[in-house]
Each structure stands twice: as structure tokens, then as C-alpha cells.
Amino acid sequence: NFPDVPLIFYVPHRYREGYGVSLAGIDFAIQEGVRLLITLDCGIKSVDKIAYAAAHDIDVIICDHHVPGEDLPAAVAILNPKQTDCTYPYSELSGCGIGYKLIRALALSYKLDLNTADRYLDLVATSIAADIVPMTGENRVLAYYGLKCANEHPCLALKTLKEIAGMNKAFTIADLVFIVAPRINAAGRMDDARKAIEFFIEDDSEKSMALAMLLHADNFDRREVDKNMTEEALDILLQEDVLFQNKSTVLFQPHWHKGVVGIVASRLIEHYYRPTIVLTESNGKITGSARSVHGFNIYEAIHQCGELLENYGGHYYAAGMTLSKENLDSFKQKFEQVVRDSIPLSSIQPEVEVDAEIDLKDITPGFFNIVKQFEPFGPSNMRPVFLTRNVYNYKGYSRVVKDTHIRFVVCQEDIAVAGIGFNMADKAGYIMSERPFDMVYTIEENEWKGNTSIQIKVIDLKPSSGYEP
């Protein structure tokens with residue numbers, strides 16, 4: 001039988017302690033008489049802090065998927081497939097996925113029914129979706145069975161979030177990314193991440209709903225802060241012409257909200273396609289998040305600036321860092337130089353990779369069922385993108401909605417298809433001209449008031465050849 005030992009959790013407060021393993025957390029473990037500390041999604045670069053724990057007779061098991069540094073912590077075990085000498089056949093597990101592997105190994109070791117571990121697959125799928133790890137190999141398998149778990153016998157937390165969101169359909173990976181993950185992450189971004197953990201371990205439905213409402217409120221606040229910070233950052237870029245000449249974007253404002261800097265960095269890339277870092281001030285230090293563009297390893301670029309940083313870590317497309325105020329200007333210059341010297345030409349301009357050119361008449365239920373067999377979609381296994389040429393605004397039905405988006409009804413010959421194009425209002429003129437245009441899009445399922453239909457999600461469009469303005 002599995003040993004009956006007391007378990008407690010600790011989540012470092014983002015603003016008081018920073019990210020990952022903290023001295024305050026280890027001191028809490030010492031105070032509580034903890035003998036074993038298991039880190040999740042952190043710890044691989046916390047050499048000094050793991051040594052501090054060991055000095056107080058605390059064994060540490062590290063479960064992390066971030067890139068290791070030159071020196072590894074002196075933990076009793078390290079589960080991280082990105083170690084150079086690791087022979088595990090798949091290196092892209094999420095941090096939670098590695099924690100799941102530990103749970104599964106314990107179940108095997110103690111000869112427990114593997115359902116003991118597999119009951120958590122709905123949370124593993126949520127982590128894979130939320131952490132934006134590649135949807136390939138083992139991640140794709142775990143996401144597939146995790147989605148089945150989320151839809152057939154989900155934990156109370158996912159049931160509650162589904163109720164709050166007003167969902168009456170099965171979860172998809174997109175739902176986990178855009179509905180579940182933001183509400184979970186908002187707790188740590190805006191306040192204290194403990195409430196998210198408490199929400200997931202709560203087994204009383206009324207208390208679960210109360211906690212979910214707190215997360216929902218945090219997410220509302222997060223969206224407001226996100227919007228305001230993004231607008232301020234875009235204003236700064238417009239006012240400083242020199243920034244347009246750079247190959248990178250690095251912005252700093254001491255009052256910006258630490259919990260939202262990564263989101264704002266992603267928003268800026270949508271406007272100015274280049275590696276982007278957004279920084280703020282916290283506890284007397286400058287801290288922030290980086291996001292990258294296709295084909296550029298931002299972690300490696302930051303690593304080349306390591307002598308100017310006090311701490312950093314991350315992945316190919318996302319990273320975080322802390323530095324002293326006096327190093328800010330030097331870091332900006334060094335990072336820009338590294339990007340300028342190493343970014344491929346193919347990464348400077350955003351591209352849409354088209355998987356196939358088809359006609360609107362090809363968009364049939366049978367064809368869509370074939371597309372669905374490639375699910376679950378995600379990084380490195382994205383939803384197929386199609387190109388159709390010479391389409392028209394069908395009977396003038398295409399229109400701008402909410403001043404930002406376009407509701408499409410397009411036709412080719414005698415076939416009409418409906419769809420949506422988010423943040424495409426600036427291209428409405430091409431449609432309203434009544435001239436033919438080419439469009440790239442994905443094919444998706446739309447559910448509205450119990451009715452399901454196929455629709456297209458337009459990614460980009462341009463006038464057809466010979467009709468450029």
C-alpha cells in the first residue's frame with residue numbers, strides 16, 4: 001500500500017518571492033517538518049536553494065521541463081527530459097506531464113491500479129494546452145486521453161469552470177486554452193495562486209463554485225490590466241521611432257503589472273513581429289517575460305546576455321528574467337545585438353503556411369471529419385490551413401462586427417460558406433469592393449443554440465491576382 005503520510009502544498013507568491021523555488025518556501029517546509037520536497041515546473045536551475053534544503057535534511061525531487069543550466073542541483077532525483085544525458089525518448093512533456101509521470105511511477109512501484117494515476121489525465125491535458133508545449137508524440141497521446149477524461153468524468157473543478165463559462169458542449173483543446181487556462185492562471189497573475197490549488201482540491205460543490213467565482217473575477221481584472229498595458233506599450237513604440245529600426249522590442253515601465261508582462265509581450269508581437277521582452281520593477285529589481293517569433297530561440301538569445309542577468313530561464317519561444325536596474329540599458333543593447341546577428345531572415349516577417357489549396361465546394365462534412373482525425377491540434381501539429389482563390393462577398397452579407405472583427409459569408413461559383421475573421425476589420429475594404437479576393441483559413445465547427453455547423457476561420461486575405469488596388 002502507498003504510505004499514509006501527510007501532504008501539504010506551497011506556491012511561491014509571484015510578487016513577494018518571484019518564480020520557482022524560493023527560500024521562503026523552503027523555510028516553510030523546515031517549519032512544517034517536511035522531509036521530502038517535490039518541485040513541479042521549477043527547480044532545475046535552483047542550485048543554491050536546493051543545497052539550502054539539503055542542508056536542513058530535506059530531500060528534493062525535481063520535476064521540471066525547463067532547460068538546465070551548466071550545474072545541476074544536488075537533488076535526490078531529477079526528472080527532466082531536457083538533461084543532456086537523459087535517455088527518455090520524448091523531451092517535450094509539460095511540467096505537469098512530468099509530475100504525472102512521477103505519480104504513475106509511484107503507482108507502479110506500490111502496485112496500485114494505474115487508474116489511480118490516470119484519473120488525473122484531465123489536468124494533464126489542461127497543462128499541455130495551457131503551457132503551449134508541442135502537440136506531438138506523447139503530449140498528443142496524453143492530450144487525447146486527457147480530453148476524454150475531461151469530457152467523460154472530469155474533476156469537480158473543470159465541471160465548475162464549464163458551468164461558469166456557460167458551456168454545454170464537450171471540451172476541446174481550444175476550450176482548455178482560452179476558457180480554462182486563463183481563469184486558473186489569473187489567480188497567480190493578479191493575486192495569490194494558492195486559490196487555484198485550493199479550487200482544484202476542493203470536493204464541496206458550493207465551495208468550488210465560490211472559488212471559481214474568485215478566479216473568474218481575477219481573470220476579468222487581468223483582461224483590463226492586459227488591455228491598458230498593451231495600449232500604453234503600443235503608444236511608447238509609436239512615439240520612439242528608433243524602436244522601429246530594431247530587430248527586437250524591449251520595453252520597461254516600473255508600474256507595469258508583473259503578472260501580465262508575458263501576455264503583453266505576445267500582444268506586441270501581433271503588431272510588431274519580432275522577439276519581444278516586457279519588463280517591470282518588482283522588489284527593487286527589474287523582472288519580465290520574453291516571447292519569440294517563429295524560428296528564433298529566445299532562450300538561447302537571453303542566455304548569451306547571461307552575464308547581465310541575475311536569473312533567467314525558459315524555452316525556445318518563451319522565457320523570463322531578472323536583472324538589476326543598472327544593467328537595463330546594457331541588456332537592451334546586448335539583446336538587440338544578439339537578435340540582429342542571429343535571427344534568420346525567415347523569422348523577420350510573419351508567414352502563414354498553407355497546407356493545401358482547395359475550392360469552397362470541397363468543404364463537406366466528410367472532408368471535415370477527415371480533418372478532425374488529426375486532432376488534438378496544437379504547436380507542431382496545428383489545425384490545417386487552406387487557401388481558396390477568387391471568392392466574393394456573398395450578397396453583401398460579410399460585415400464588420402464589434403468594430404474589430406469580420407463576419408464572413410463568401411461564395412465561389414454557386415457555393416457559399418460562412419465564417420469569422422478576428423481582428424481583421426482593417427481589411428474590410430477588400431471585401432466591400434465586391435472584387436474577388438483570396439483567403440487563407442482553417443475549417444472549424446460552430447455550435448450555436450444547440451445547432452452545429454461547419455464554418456471557416458479566416459486568417460488573412462488579399463485581393464486576387466490582377467485586382468490589387
Side-chain angles (χ1 to χ4, degrees), residues 132 134-136 140 172-174 177-178 269-271 273 293-296 317 344-401 404-448 452-469:
I132 318 296
M135 194 64 76
T136 58
R140 188 161 175 257
T172 65
I173 287 293
V177 172
F178 296 111
I269 288 176
E270 294 173 6
H271 292 269
Y273 194 75
V293 295
H294 179 74
F296 184 74
Y317 285 114
L345 289 176
S346 59
S347 296
I348 294 175
Q349 293 292 331
E351 293 182 348
V352 179
E353 292 189 10
V354 174
D355 293 290
E357 181 175 344
I358 62 174
D359 293 327
L360 292 187
K361 69 177 186 295
D362 298 321
I363 304 175
T364 64
F367 181 73
F368 181 62
N369 285 334
I370 293 172
V371 171
K372 287 175 66 176
Q373 292 177 29
F374 291 90
E375 295 179 342
F377 296 118
S380 300
N381 183 45
M382 299 300 286
R383 187 178 293 273
V385 175
F386 300 102
L387 163 66
T388 298
R389 302 182 191 273
N390 296 306
V391 300
Y392 289 84
N393 180 6
Y394 180 68
K395 295 184 177 180
Y397 288 168
S398 297
R399 67 194 187 280
V400 175
V401 293
T404 305
H405 316 305
I406 297 178
R407 176 64 66 182
F408 284 93
V409 183
V410 297
C411 64
Q412 185 185 53
E413 298 178 353
D414 58 347
I415 303 296
V417 176
I420 186 75
F422 293 107
N423 301 308
M424 293 186 65
D426 60 321
K427 299 198 174 183
Y430 296 149
I431 305 166
M432 307 311 174
S433 71
E434 299 302 326
R435 292 180 175 180
F437 56 92
D438 304 339
M439 62 182 186
V440 289
Y441 56 92
T442 58
I443 306 173
E444 302 181 353
E445 208 164 43
N446 181 44
E447 187 170 320
W448 177 250
T452 301
S453 61
I454 297 173
Q455 72 169 9
I456 60 173
K457 181 179 177 182
V458 180
I459 301 170
D460 199 8
L461 62 86
K462 69 175 183 177
S464 295
S465 178
Y467 288 93
E468 284 81 358

Counting C-beta onward and ignoring hydrogens, is there a side-chain heavy-atom pair between Thr172 and Glu445 closer than 4.5 Å?
no

With a 4.5 Å cut-off on side-chain heavy atoms, are Met135 and Pro376 touching?
yes

Scanning both residues in full, the closest heavy-atom pair of Leu461 with Lys427 reads O-NZ, 3.5 Å

May I ask you to test the Glu375-Ile173 pair for a side-chain heavy-atom distance under 4.5 Å?
no

Drop me the distance from Ile454's CD1 to Asn369's CG, to the nearest 0.5 angstrom.
7.5 Å

Sequence neighbours excluded, which residues qualify as side chain to side chain contact (heavy atoms under 4.5 Å, CB included) partners of Ser346?
Pro344

Heavy-atom donor-acceptor pair, Arg399 side chain to Arg407 backbone, under 3.5 Å:
no

Using a 4.5 Å cut-off on heavy atoms from C-beta on, say whether the side chain of Ile420 contacts that of Asn446.
no

So, for Pro379 and Ile132, which heavy atoms are closest and what is the spacing to 0.1 Å?
CG-CG2, 3.6 Å

Considering only distance and modelled atom types, tabulate donor-acceptor pairs under 3.5 Å from the side chains of residues 347-360, sequence neighbours left out.
unit_1 : atom_1 : unit_2 : atom_2 : d
Ser347 : OG     : His294 : O      : 2.5
Asp355 : OD2    : Val385 : N      : 2.7
Glu357 : OE1    : Arg389 : NE     : 3.4
Glu357 : OE2    : Arg389 : NE     : 3.1
Asp359 : OD2    : Lys361 : NZ     : 3.0

Can you check whether Val410 reaches Ile456 side chain to side chain, under 4.5 Å on heavy atoms?
yes

Check side chain to side chain donor-acceptor pair (under 3.5 Å) between Glu444 and all other residues, then give those that pass, not counting sequence neighbours.
Thr442

Pair Val391, Val417 - check side-chain contact (heavy atoms from CB on, under 4.5 Å), show working.
CA-CA 10 Å; Val391 300; Val417 176; over 6 Å; no

Please collect all ring-ring contact (aromatic ring centres under 6.0 Å, His included) contacts where either partner lies in residues 349-375, sequence neighbours excluded, each pair once.
Phe367-Phe386

If you look at every heavy atom in Val371 and Phe377, which pair is closest and at what distance?
O-CZ, 3.4 Å

Sequence-distant partners of Ala425, side chain to side chain contact (heavy atoms under 4.5 Å, CB included), two or more places apart
Val400

Residues at least two apart in sequence or cross-chain that pass salt bridge (charged side-chain N to carboxylate O under 4.0 Å, His left out) with Asp362, listed by chain then number, are none

List the atom of Phe408, the atom of Ile431, and the distance in Å for their closest heavy-atom pair.
CE2-CD1, 3.3 Å

Step through the shown structure and confirm whether more than 12 heavy atoms of other residues, nucleotides or ligands are within 6.0 Å of OH on Tyr273.
yes

As an exercise, state the distance from CD of Gln412 to OH of Tyr392, rounded to the nearest 0.5 Å.
10.0 Å

Under 3.5 Å, is there a donor on one side chain and an acceptor on the other for Thr404 and Asn423?
no

Please examine the side chains of Phe422 and His405, heavy atoms only from C-beta on, and report whether any two atoms are closer than 4.5 Å.
yes

The reported gap from OH in Tyr430 to CD1 in Ile406 (rounded to nearest 0.5 angstrom) is 11.0 Å

Identify the heavy atoms of Ser465 and Asp438 that sit nearest to each other, and give their distance.
N-OD2, 4.3 Å

